[in-house]
Every structure is written in structure tokens, then in C-alpha cells.
Amino acid sequence: MDTPLITLTTDFGAKDPFVGIMKGVILGIEPRVRIVDLTHEIAPQNVTEAALALGTSYRYFPPWTIHLAVVDPMVGSARRPLLAVTDQHYFLAPDNGLLSLVFEREESVHVRHVTAEHYFLQPMSATFHARDLFAPVAGWLARGIDISVFGEEVENYVRLDLPHPRRIGKEILEGRVISIDRFGNATTNITWSDLEPFLAGRAEKDCLVVLKGQQIAGLSRFYAEREEGALGAVLGSAGYLEIFVYRGNAAERWGIRPGDEVAVLLSEK
Amino acid sequence: MDTPLITLTTDFGAKDPFVGIMKGVILGIEPRVRIVDLTHEIAPQNVTEAALALGTSYRYFPPWTIHLAVVDPMVGSARRPLLAVTDQHYFLAPDNGLLSLVFEREESVHVRHVTAEHYFLQPMSATFHARDLFAPVAGWLARGIDISVFGEEVENYVRLDLPHPRRIGKEILEGRVISIDRFGNATTNITWSDLEPFLAGRAEKDCLVVLKGQQIAGLSRFYAEREEGALGAVLGSAGYLEIFVYRGNAAERWGIRPGDEVAVLLSEK
Amino acid sequence: MDTPLITLTTDFGAKDPFVGIMKGVILGIEPRVRIVDLTHEIAPQNVTEAALALGTSYRYFPPWTIHLAVVDPMVGSARRPLLAVTDQHYFLAPDNGLLSLVFEREESVHVRHVTAEHYFLQPMSATFHARDLFAPVAGWLARGIDISVFGEEVENYVRLDLPHPRRIGKEILEGRVISIDRFGNATTNITWSDLEPFLAGRAEKDCLVVLKGQQIAGLSRFYAEREEGALGAVLGSAGYLEIFVYRGNAAERWGIRPGDEVAVLLSEK
């Protein structure tokens with residue numbers, strides 16, 4: 001790691017200096033490290049949202065990036081700090097399910113319970129482990145300290161029950177909205193690996209997407225393929241079915257919120 | 001370029017991990033690059049706002065900075081990705097007018113249509129070219145790849161019709177508000193090169209600025225020259241006439257919005 | 001300084017390119033510098049808020065970090081730009097009290113009036129000294145220019161009267177809320193050095209915290225020690241007494257705002 005790289009994902013926001021302080025701690029340990037903010041606008045204490053943001057992003061970073069993610073309602077309690085290692089990436093996060101999508105997507109994951117207190121800031125607070133525990137461990141990891149010294153391997157770590165779409169007979173694929181982006185586009189939990197067997201050879205145009213009582217005929221390839229203001233569906237850039245309004249805000253226009261049901265139907269030939 | 005520098009300007013916001021992902025892609029190609037966020041809070045799909053933000057900022061960056069700007073409603077369609085080169089800077093943006101202010105201000109600009117697909121991420125999405133096309137091209141450019149390999153020169157690129165002030169006889173200079181900053185200050189499209197010939201030797205105090213039915217007598221040199229709460233006008237730091245309320249929010253107080261008319265009148269001697 | 005480090009604290013927000021421009025100026029002078037954003041979301045022109053954000057954060061940065069902070073309502077007037085040096089850190093800020101908490105916490109501080117105009121951008125605006133004066137001086141400082149060349153030492157710099165808690169007899173310690181964080185936690189101005197002599201050997205459980213007519217029995221060690229939705233008090237990570245609602249937003253739930261009174265009472269044994 002000539003230029004070690006750390007990403008940060010938190011619910012700390014931009015108003016308070018929490019994230020800047022974490023960076024100060026990291027750079028005090030390893031000044032060569034590059035730090036990239038993934039997002040700090042996770043809704044306060046929403047572990048699922050953080051799991052999705054991190055789980056759909058980490059593969060775009062170079063091998064051996066250290067992904068540090070802290071959404072941590074149980075900070076200070078007995079919940080464990082984890083270090084997870086796949087065959088290409090490191091992850092540091094509290095043991096509350098934040099790494100669930102990583103666990104789901106990666107074949108090989110080794111998880112350690114971080115207990116090596118001499119790498120933590122002292123005195124350690126009970127309310128800001130991102131600063132006192134996760135940031136310094138990320139810094140030492142970036143300096144090349146071997147993962148085995150941070151703690152023992154564990155297996156019984158928390159996995160969230162992330163929502164997956166389900167088939168209802170041959171005709172219906174039912175999913176949910178999982179997030180709304182800045183443009184008002186609604187990302188669903190339906191991926192191409194759900195759609196492909198469902199369509200069973202039919203074209204992407206030969207389905208009907210139903211949401212909030214609205215019917216969308218077929219998938220578009222890109223936003224501008226729809227008319228201005230029209231509701232459309234597209235296989236989005238993270239691989240999920242996405243609902244949009246071209247040059248509009250679908251979520252505001254149709255009152256779409258995370259958790260809303262989305263159905264894909266086979267259209268009659 | 002020992003330490004290549006890339007700036008980013010988008011309408012992606014801070015909530016979603018889009019910008020972080022772009023940085024991951026860039027750093028995977030050229031780990032030495034330094035990345036500076038210009039802004040990611042351009043109003044969704046507002047190309048003009050992005051053109052002004054980038055066009056008034058790029059000159060403060062060192063020579064051979066790569067300015068990557070993506071506000072891209074037509075992503076996935078036939079709109080072209082452009083690489084523009086002036087005698088000091090590189091620019092990457094969709095061909096939708098985003099570089100209009102650069103084209104206006106620079107005497108020498110060479111523009112290429114980026115077509116060299118082997119530099120793009122594969123498979124390439126149709127909805128996130130910032131990640132799949134612009135970020136990797138910026139990374140390769142930062143590594144020193146010659147501009148000629150990215151595509152052929154083109155001339156018929158899009159230029160926005162940016163609003164310019166107009167003279168009405170000798171007595172009136174009429175412009176418009178083009179943006180509101182965080183302090184509620186209203187930036188107009190009137191620059192010193194518009195004002196100087198209009199004033200024709202009169203002092204900056206000898207004019208009247210009229211906006212929203214309010215009259216401001218003369219220009220201030222800085223904000224604190226006005227009384228607290230009083231409306232003032234100043235030649236702002238980007239070279240544009242700017243309306244402010246000292247220790248207040250002019251836009252909120254007087255309901256000023258982009259597009260509002262502003263007139264400068266010669267005051268009677 | 002092999003890898004010089006600069007932190008930025010401003011009220012410039014994320015919408016306008018002001019902060020990006022400052023970074024361009026700095027990197028044009030010293031390309032090796034690392035820049036960390038502390039926060040740019042200080043409420044417009046709120047010098048006290050900036051003094052607290054910077055004053056509770058700078059110690060987490062490595063020795064000889066340059067802390068550049070600009071909340072500057074008097075920009076362009078006769079207010080002086082300052083360079084303060086402690087035995088471990090540099091600070092650049094306008095002379096308006098922004099460094100008050102640094103002055104309070106550091107035993108040895110030397111303050112200079114920055115007057116060396118040949119280090120400033122020319123022509124210098126009267127409204128954006130962050131770009132034209134503070135950023136370039138930070139860049140030259142990072143390059144290793146000796147502090148003595150920037151200007152003469154001064155002593156009569158501005159110090160804000162930061163609010164401190166007061167004892168009312170032996171039974172009451174009265175303080176105030178000084179800020180609300182993103183989670184709705186209310187930070188007070190009561191520190192452990194106020195509490196320790198007040199408790200005089202009693203346990204942290206043996207006190208009563210009163211705020212907005214609500215009584216909180218004893219201090220918690222961490223948030224999750226309280227039941228969901230319950231109001232609690234904790235000695236926060238910056239060393240201040242903090243009021244919270246576990247998995248809730250204390251400020252919204254109880255209408256807490258900066259300036260609100262908080263009392264700590266000794267509970268009957």
C-alpha cells in the first residue's frame with residue numbers, strides 16, 4: 001500500500017466537526033493515507049441505509065481499500081467492533097449488521113472482533129468510538145499492521161435481514177423501494193438477477209412495472225428515452241430497478257417512499 | 001504533473017454515494033491524484049448554474065488542473081462527452097453547454113469528442129457516465145495519456161445563451177440576478193467591464209442600483225461599510241455586481257430570486 | 001512538514017464553490033498539502049459557533065497542523081487577520097474572537113497581525129479574504145515560510161466572553177446549552193472540571209440534571225444505557241455534559257435550543 005486509501009460512511013452529517021476529527025486522528029497515525037467520503041448523510045442511526053450505501057459502492061474502489069463505516073446506536077455498550085477482510089477489501093464497522101450486504105455479496109469473508117486496546121485513543125470515550133477506536137485502527141491498518149493483531153476471528157456476527165423481492169406465481173415479481181436519491185429516483189430491491197429468470201427470454205419492453213397505482217410499460221435504457229415528466233423504469237447504475245420521472249422528481253410527484261411496494265408483471269403478448 | 005489535480009462539479013448532492021464512487025474509480029487509475037470538490041449542490045439538472053459555478057472558479061486552480069463537471073439530463077442518449085483544452089486547463093463535461101462560460105472567457109479552446117471506449121468502465125451503464133466514462137477518462141488524463149487519443153476534435157459543440165446585461169440609452173444598465181449564495185447575497189450578471197464604460201469616469205458612488213423597487217445609492221467597497229440590516233451593492237469577489245444586506249439575508253428579506261431584474265442608473269449630479 | 005496538513009472551518013456552506021476555490025489557491029502554492037474540512041456549515045456569521053467547533057477539535061490533529069478558520073462579517077474593514085502559534089499548532093483567522101477557545105485552552109500562544117501583502121493574491125478583493133489572504137498565507141506557511149515574516153506580534157486581540165457555568169451555593173451548578181448536534185443531542189457548557197469539584201466525591205449517579213422542566217436522575221455512561229425514547233445525560237466525547245434521547249432527537253422532542261438553561265443538582269442521599 002504505497003498510497004493507502006480509506007473510505008468513510010457515517011450518519012454524522014456535515015454540520016458538526018465529527019468527520020473532520022476522525023480524519024485528524026487517522027492522518028496523525030498515517031499521514032500518507034488518502035481519505036474519501038462515501039457519505040455522511042445516512043439518516044441518523046439507520047443501519048440498513050448505511051449497509052446499502054456501502055454494499056453498492058465498495059467494489060468501485062481499488063483493491064485493499066479500507067472501508068470505515070460507523071452508524072452506531074449501541075456505541076459504548078457490549079456491541080463489538082469488527083474488522084472484516086474479503087479477498088480484496090478491508091471493512092471496519094460496529095457489529096450491528098452494517099456489513100450485511102458485503103457478507104451477502106462476498107464469497108470469502110473473515111471477520112475479527114477488534115480488541116487490541118493499545119491501538120485505541122486513550123482515554124477512550126463511551127460515545128464516540130468512530131474517533132477513539134475505528135479511526136485509529138483504520139490508521140494503523142493503513143500503516144500495514146497485520147490484521148491478526150487486532151483481535152480473534154469470530155463467526156456469530158450480526159446480519160440484517162435485507163429485503164429481497166419474491167415471485168408470486170409466474171406472472172408477478174414483487175419488490176420494494178429501498179431508497180430515494182437526490183433526483184427523486186426510487187431505487188427498488190429488484191436486481192437483474194431477479195428480473196432475468198422472471199422475464200425468461202422476453203424483452204425488457206415486455207413487462208409492466210406497477211407502483212403507487214401507476215403502470216409503466218417496459219423498461220427504458222436511459223432517462224431521456226421517456227418524455228419530459230413521464231414516469232419510467234430503468235435498470236439503474238447500481239444494478240437495481242429504478243423508477244424515475246424524466247426531468248422531474250418521481251418521489252415528490254407520486255409520493256414514493258422507502259418501503260413502498262413495486263410489482264413487475266408480464267405484459268400480455 | 002507530479003501531483004495531478006482534479007476538480008469535481010456535479011448535481012449529485014451529499015446524500016448518495018455517487019461522488020465517492022467517482023473518486024474510487026479515479027484513484028483506482030491514478031492513486032497520486034488530488035481531488036477537490038467544487039460543488040455537488042448544483043440544483044438537479046441545472047446546466048446554467050453549473051456553467052456559472054465552474055466558469056467563475058477554474059482560474060483559481062493551478063495550471064493543468066482537470067475540471068470534471070457532470071450535470072447531465074441527457075445521459076445515455078446521443079449527447080457527446082467532451083474534453084476541452086485551453087492553454088492552461090483541461091475540462092471534461094457532457095456537450096450540453098456546461099462549458100459555455102469557459103468558451104466565452106478563453107481565447108484558445110480545443111474541444112474533442114471523447115470516443116475512446118477502451119478507457120471507459122465496462123460494462124458501461126446508460127445512467128451514470130460520471131462513474132463509467134468521465135471519471136476514468138479524468139484518471140487516465142491525470143496519468144498523462146495524450147489528449148489526442150481520447151477522440152477527434154469537434155467544433156459544433158453546444159453553447160448556452162448566457163444572460164448578459166444591456167444598455168438602455170446612456171442612463172440605464174439593465175441586468176439580472178443569476179444566483180443567490182448561502183448568505184442570501186444576490187449575484188447579478190453585471191461585471192466591471194459592463195460598469196466601467198457605463199459610468200464613463202463617474203465615481204462608483206455616483207450611481208443608483210434598483211432592485212425589487214428598492215434603491216441603493218452607490219456601491220460599497222465591502223459589506224461592513226453599510227449599516228446593519230441595510231441593503232447594499234458591492235463589486236463581488238468573482239467580479240460581478242452583488243446585492244447584500246449587511247449581517248442579514250438580502251434574498252430572504254426582499255424576496256430576491258435568480259432571474260429578477262436589476263438596473264443601474266446614473267444618479268443626478 | 002513532509003506532508004503539511006491544513007484544516008478549514010468556515011460558514012461558506014456546500015452550495016457555492018467558495019471552499020473549492022480556497023483549496024485551489026492553497027494547492028497552487030503548495031501541492032503537497034493535505035486539506036481536511038472541519039465544517040463549512042457554521043451558521044452564517046456566527047463567530048461563537050465557529051470558536052467552539054474549532055476549539056474542541058484542533059487537538060485531534062497532528063502537531064503543526066495549520067487551522068484556517070474564516071467566519072468574517074467584518075471582511076474588508078480594518079479588522080486584522082491573525083496568525084496564532086501555540087506550542088503545537090498554527091491558526092489563521094480574522095481578529096474577531098474566533099480563536100477565543102484556543103486562547104483559553106493554550107498556555108502559550110503567540111499572535112501576529114498578518115500584514116505581508118506580497119503573500120496575498122493580487123488584486124485583493126474586499127469581500128473574500130478567505131481566498132485572497134488566508135488561503136495563500138496558509139499555503140506559504142505550509143511551504144515552510146517562517147512565521148515572523150507574516151507580520152508583527154500583537155497582544156490586544158479580541159477574545160469572546162464564552163459562557164461558563166456558575167455555582168449557586170453548594171447545591172446547584174448552572175450552565176447553558178451551547179449547541180445541538182445532528183442527532184438532536186444538546187451540548188452544554190458544563191465540563192468534567194466543573195462537575196468534579198461540584199460532586200465532591202459523590203458518584204456521577206448521585207446528581208439530578210434539570211432542563212426544560214425535565215429531571216434526569218444521574219449521568220449515563222453511554223446512550224444505550226437509557227431506554228429507547230428516554231431523556232438522559234452523559235459526559236460527551238468533547239468533555240461537555242450532553243443531553244440526549246436514546247434513539248430519539250432530544251432537541252426536537254423537548255424544544256431545546258442553544259442558550260437554554262441547564263442545572264445540575266445534588267440529589268438527596
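Every chain is numbered from 1, with letters handed out A, B, ... down the list of sequences.
Inter-residue side-chain proximity for A:Arg34 and B:Pro31 is flagged as unmet; no heavy-atom pair is nearer than 4.5 Å. Considering only heavy atoms from C-beta on, B:Val25 stays 4.5 Å or farther from A:Phe61 through its side chain. Contact of the B:Asp11 side chain with the A:Phe183 side chain is registered, since non-hydrogen atoms from C-beta on lie closer than 4.5 Å. Proximity of A:Arg182 to B:Phe12: side-chain heavy atoms (C-beta onward) are nowhere separated by under 4.5 Å.
In this structure, no portion of B:Ile29 lies under 4.5 Å from any heavy atom of chain A. For B:His40, the part sitting under 4.5 Å from any heavy atom of chain A is the backbone (N, CA, C, O) and nothing else. At a 4.5 Å heavy-atom cutoff, B:Val19 makes no contact with chain A through either its backbone or its side chain.
For chain B, the option among A:Ser237, A:Pro62, A:Ser179, A:Ala238 with the highest count of heavy-atom pairs below 4.5 Å is A:Ser237.
Between the CZ atom of A:Phe222 and the CE atom of B:Met74 there is a distance of 7.5 Å, given to the nearest 0.5 Å. Here OG1 of B:Thr127 is found 8.5 Å from CG of A:Leu235. Values are rounded to the nearest 0.5 Å. Residue A:Ile35 holds its CD1 atom at 11.5 Å from NZ of B:Lys23, rounded to the nearest 0.5 Å. One finds the CZ atom of B:Phe18 at 10.5 Å from the OG1 atom of A:Thr39 (value rounded to the nearest 0.5 Å).
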